[in-house]
> 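This is the structure, below, for whatever I ask next.
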Amino acid sequence: MSNRSLPRRPESYDKRVALVLQGGGALGSYQAGVYEGLATSEYPPEWLAGISIGAINAAIIAGNAPDKRVERLRDFWEGITAPTAWWPPSLSGQVSELQRKFSAHASVMLGQPGFFTPRGMADWFSTPKPTSYYDTAALKTTLERLVDFDRINDGREVRLSVGAVNVRTGRFCYFDSAEIAIRPEHVMASGALPPGFPPVEIDGELYWDGGIVSNTPLQYVLDYYPRRSRLCFQVDVFQGRGDAPTSIETANERLTDIRYASRTRINTEAFQEKHNVRHAINELEKLLPPEILNTEQARRLHAYGCVTQMDIVQLIYRPHEPQGATKDYEFSRATMDARWKVGVSDAGTTLQAAPWLAPKTAPQGVRVFDVMHDILVGKRKRKALTPAPVPQKTVA
């Protein structure tokens, strides 16, 4: 879709733009497609936050000049999905269910180039014993090749935040370029999902994948103080809604979707409720007489108020057919390309609708939009209202 056909961003819409990227392994190519759709729009993100594969995508974007970001994302995804003797390129450009399963099993047995490799037999007889099935040294080399960390830490273009979990304390934390110098280890720590990947040591502490605690960095971005009014594109790769399973395979896929999508939904709804309460405090203060407004209790309440306005735009990967419980580690090139194209398309459709430009219809501090969901619901309603064709009688 040409950006000339997109609604213009009015000067009055002055919210800062953030892009938050969920974890999800091989599904992350959808996020890369979404970024490609946003990159040349009037809404380029100035803050990128990610967890797991979202952290890797975010680092590649933040660590390159704007005109090189999509190219570097493509370098990464084509590199880790490079065809091999075990997995040749698909001649049709599509992947069957059997091929998807083979690709996922090949990933388990052989790893992915430039990303992770299975540990050798000798590792399991060494001392100390490994704490993971794979080695991720190749990922560090890939990040050093594709990401300019000096550019990230310069701080003049975009901000980068990646989430991880401290193995010793179990506490969730963010490594934020606004506060510390980001290194490859910080990005790797965000994607160190056990027991597949090893913990990453940073300044004497070990860290695991942030998705263990929370798979989306939305709340960190919107709650960071001092708060700013923001337009936040929240890109998720697990869908909360879905059909009832018809097999063990689809049941496991549905379980994974619900497990991760529910965390996103809970975080989004919790922030929405909390921020609307902040706005309610502001409205209440206007009604208080001076003798109450000047009390200590009223001053404490005032500290919880906030005038910032948040628009959350959800872009969720919703494949038209089941992809199996192994979809987050199915790295075939054809599947990667297909997910990327869906991301580009969904971003274009969302930008075309631009619901965040509509005036507020209620005194609320947070608005949540999901254009693709609204389109799907509209199609279902139209289908339900369409009368069934009347059978034509035939004359013998």
> Is a donor on one side and an acceptor on the other found under 3.5 Å between the side chain of S103 and the backbone of Q99?
no
> May I ask you to decide whether K101 forms a salt bridge with E330, counting only side-chain N to carboxylate O separations under 4.0 Å?
no
> Salt bridge or not between D75 and R72? Use side-chain N to carboxylate O under 4.0 Å.
yes
> Test side-chain contact (heavy atoms from CB on, under 4.5 Å) on L376 and M372; report intermediate values, then the result.
CA-CA 6 Å; L376 289 173; M372 303 311 299; 5.6 Å; no
> Is there a side-chain hydrogen bond (donor to acceptor under 3.5 Å, both in side chains) between Q309 and S229? Walk through the geometry before answering.
CA-CA 5 Å; Q309 303 280 339; S229 294; over 6 Å; no
> Using atom types as modelled and distance alone, determine if a side-chain donor or acceptor of S177 lies under 3.5 Å from a backbone N or O of L160.
yes
> Give a yes or no on whether the backbone of R8 and the side-chain of E42 come within a donor-acceptor separation of less than 3.5 Å.
no
> Ion pair present between R278 and D223, side-chain N to carboxylate O less than 4.0 angstrom?
yes
> How about I202 and R183: do any of their side-chain heavy atoms sit closer than 4.5 Å?
yes
> Examine the side chains of H105 and T326 and answer whether a donor and an acceptor come within less than 3.5 Å of each other.
no
> Assess whether a salt bridge exists between K341 and E36, defined as any Lys/Arg side-chain N lying under 4.0 Å from an Asp/Glu carboxylate O.
no
> Which atoms form the tightest heavy-atom contact between G28 and N57, and what is the distance?
O-ND2, 3.1 Å
> Angle class for the F116/F197 ring planes (parallel below 30°, perpendicular above 60°, tilted otherwise)?
tilted
> What's the verdict on side-chain contact (heavy atoms from CB on, under 4.5 Å) for T264 and Y260, showing C-alpha distance, side-chain angles and the deciding distance?
CA-CA 7 Å; T264 299; Y260 289 110; over 6 Å; no
> Could you grab the distance from atom CZ of R100 to atom OG of S332, nearest 0.5 Å is fine?
8.5 Å
> So K68 and D148, side-chain contact (heavy atoms from CB on, under 4.5 Å) or not? Walk me through it.
CA-CA 11 Å; K68 294 292 185 182; D148 182 348; over 6 Å; no
> Looking only at the side chains, is there a donor atom on one of T216 and R263 sitting less than 3.5 Å from an acceptor on the other?
no
> Parallel, tilted or perpendicular for Y317 and Y30, by the 30°/60° rule?
tilted
> What's the spacing between L315 CG and Q234 CD if we round to 0.5 Å?
9.0 Å
> Checking R339 against T335 for the side-chain contact (heavy atoms from CB on, under 4.5 Å) test, could you report, in this order, the C-alpha distance in whole Å, the side-chain angles of both residues, the deciding distance, and whether it holds?
CA-CA 6 Å; R339 290 167 177 161; T335 302; 3.3 Å; yes
> Tell me whether the rings of W124 and Y133 are parallel (<30°), tilted (30 to 60°) or perpendicular (>60°).
tilted
> Charged N to carboxylate O below 4.0 Å: is that the case for R74 and D337?
yes
> Are R159 and Y224 in a cation-pi contact, defined as NZ or CZ under 6.0 Å from the six-membered ring centre and within 45° of the axis?
yes
> Do H302 side-chain atoms and E285 backbone N/O form a donor-acceptor pair below 3.5 Å?
no
> Heavy-atom count around K286 NZ within 6.0 Å, excluding the residue itself: above 12?
no
> Can you tell me if D176 uses its side chain to pair, donor with acceptor, with the backbone of S161 under 3.5 Å?
no
> Is the closest basic N to carboxylate O distance between R241 and D370 below 4.0 Å?
no
> Indicate the atoms forming the closest heavy-atom contact of A18 with P45, along with that distance.
C-CB, 4.2 Å
> Test salt bridge (Lys or Arg N to Asp or Glu O under 4.0 Å) on K327 and D257 and set out the steps.
CA-CA 11 Å; K327 62 185 178 182; D257 280 343; 2.8 Å; yes
> Given 3.5 Å as the limit, does a donor-acceptor pair link the side chain of D135 with the main chain of T117, or not?
no
> Does the distance from a Lys or Arg side-chain N to an Asp or Glu carboxylate O, for R228 and E46, drop under 4.0 Å?
no
> If you compare all heavy atoms of F172 against all heavy atoms of S214, which two are closest, and at what distance to 0.1 Å?
CE1-O, 3.8 Å
